[in-house]
Amino acid sequence: MTIARQSAAQLADLFQRERVAMADFLLALAEFDRHRLWLELGYSSLFHFLHRDLGMSKGAAFYRKTAAELVQKFPEVVEPLRDGRLCITTVIELAKVITAENREDVLPRFFHRSKCEAKAVSAALAPEEAPARRQVVTRLRLEEPRPSAVQPVEPLRLVPGESGSVAESRPPVSVSAPWPAPAPAPAPQRDSAEPLTAELRRLHITVSSRFLEKLAAATAALSHTHPGGNAEEILEAGLDLLLERQAKRMGLVKQPREKARPSAPEHVPARVRRAVWKRDGGRCQWPLESGGVCGSTLRVELDHIHPQALGGQSTVGNMRLLCRMHNDLAARRVFGEGWMDRFTQSAGRGSELELPFGAPPAVPRGPLPALPLGT
Ligand SMILES: [Zn+2]
């Protein structure tokens with residue numbers, strides 16, 4: 001046997017072991033998730049556990065979380081994963097379309113497919129009625145190859161949807177400057193809106209990383225009133241505020257807004273709120289079993305370490321920030337499940353992902369959107 005053939009045989013063996021290991025990992029992960037053991041370790045979701053405890057990238061964690069959930073619902077995917085008919089990227093596409101009714105017919109259609117082919121299969125099985133709303137952060141290539149003859153691209157204007165008009169499809173506005181380019185400095189970026197339907201537009205804007213940080217901070221700050229809010233919702237809320245302020249200046253607002261009610265019934269002094277917020281950095285302080293704290297910035301609330309109902313004071317020393325999920329968990333530990341269930345519908349499957357801004361690869365929000373990244 002030649003050295004090349006020996007090496008190939010060894011590689012084939014290693015590859016097979018990798019698949020088996022992946023299948024075993026997903027089986028174990030599904031079992032771990034079934035018993036919600038991540039909760040016991042202090043994490044708010046399986047995704048959070050994979051990312052924080054096992055140190056996976058957000059993309060890798062998302063793939064494995066989705067696959068583990070699929071394994072729980074459809075155990076028959078494990079064998080194809082083990083023998084290589086399915087791989088982790090095709091599993092993501094399979095998860096979008098498989099149901100209890102179609103499982104026998106649909107599963108084999110994903111065998112031996114590449115990621116792209118699997119996408120085509122899932123799209124054919126479940127064509128989208130409307131273009132997906134998406135939120136993608138990409139890196140900008142500052143130096144674009146200059147085509148020899150480029151017509152300057154007219155920026156599309158943001159106009160209200162003209163119902164009835166045929167939406168003219170144009171390519172996304174190019175960031176390359178009209179030929180000849182004036183200077184090596186990046187050309188001024190134009191915003192563009194691409195018509196998708198009579199009502200929907202896809203907006204392409206170029207922003208700084210500072211902008212994304214602010215957007216992430218605003219998303220966290222509004223996570224109570226706009227839980228799971230996407231960039232559109234958060235930015236629209238901000239624009240509403242701006243417009244309202246402007247209208248007030250112009251004397252256009254007829255009735256002054258109702259005075260804001262104190263948001264917390266416990267009447268924690270503003271001075272204490274500020275100090276606790278500052279000390280905790282706006283992040284959930286729930287201790288993790290592996291050391292460190294939860295650190296979530298979503299739906300963060302003030303919590304009395306020694307509960308107020310048991311005589312705890314609203315002092316800086318007795319207060320901390322907790323995310324909604326951990327605040328709920330803390331209360332359950334003190335007051336018991338039965339008592340707390342009178343106040344909350346259910347603990348829910350804590351699967352809220354943190355916003356990925358500024359941290360590529362991005363993890364999309366919501367159930368199983370297309371993921372433009374590798375593991
Ligand atoms: Zn937390």
Side-chain angles (χ1 to χ4, degrees), residues 29 32-33 35-58 61-62 64-65 68-69 213 215-229 234 263-264 266 268 272-309 312 314 316-337 339-341 343-359 363-366:
L29 189 63
F32 182 79
D33 189 39
H35 298 288
R36 291 163 68 83
L37 294 180
W38 40 266
L39 192 61
E40 216 169 284
L41 299 179
Y43 295 99
S44 56
S45 67
L46 181 63
F47 171 83
H48 203 199
F49 162 77
L50 290 168
H51 178 49
R52 293 281 301 274
D53 205 280
L54 298 194
M56 286 185 191
S57 72
K58 289 185 175 178
F62 174 76
R64 281 153 188 78
K65 162 195 158 310
E69 286 166 359
E213 280 164 21
L215 183 55
T219 304
L222 296 188
S223 57
H224 289 282
T225 52
H226 298 68
I234 302 303
S263 56
E266 315 90 36
V268 178
V272 174
R273 288 170 173 274
R274 278 195 298 272
V276 173
W277 188 270
K278 196 172 167 194
R279 182 198 62 203
D280 293 350
R283 292 180 175 276
C284 173
Q285 298 299 305
W286 186 263
L288 299 180
E289 202 221 44
S290 58
V293 295
C294 163
S296 172
T297 55
L298 292 178
R299 307 183 81 184
V300 172
E301 303 169 335
L302 280 170
D303 171 59
H304 290 78
I305 297 168
H306 183 55
Q308 206 177 23
S314 298
V316 177
N318 188 45
M319 303 213 69
R320 62 181 169 180
L321 295 182
L322 290 183
C323 66
R324 168 69 59 87
M325 144 124 198
H326 280 135
N327 202 356
D328 184 60
L329 186 64
R332 283 174 189 278
R333 288 199 177 165
V334 174
F335 299 107
E337 299 286 331
W339 178 256
M340 288 305 295
D341 282 338
F343 295 97
T344 54
Q345 290 165 346
S346 79
R349 302 277 295 168
S351 58
E352 220 162 51
L353 306 183
E354 288 188 19
L355 260 192
F357 298 125
V363 174
R365 307 171 68 76

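Side chains included, hydrogens not; waters and symmetry mates left out as well; all remaining heavy atoms used. Positions are given from 1, in the same order as the sequence printed here. Atoms within each ligand, like the ligands themselves, are counted from 1 in listed order.
- For D280, the side chain to side chain donor-acceptor pair (under 3.5 Å) criterion is met by no residue, not counting sequence neighbours.
- With R279 contributing its side chain and V316 its backbone, the two residues share a donor-acceptor pair below 3.5 Å.
- Looking at H304, its side chain never comes within 3.5 Å of a backbone N or O of M319 through a donor-acceptor pair.
- Ordered by chain and number, C284 SG, C294 SG, C323 SG, H326 ND1 make up the set of protein N, O or S atoms under 2.8 Å of the Zn ion (ligand 1).
- Checked by atom type and distance alone, the side chain of R52 pairs as donor or acceptor with a backbone atom of C294 at under 3.5 Å.
- Checked by atom type and distance alone, the side chain of H226 never pairs as donor or acceptor with a backbone atom of A221 at under 3.5 Å.
- Side-chain contact between R320 and W286 is present, with heavy atoms from C-beta onward closer than 4.5 Å.
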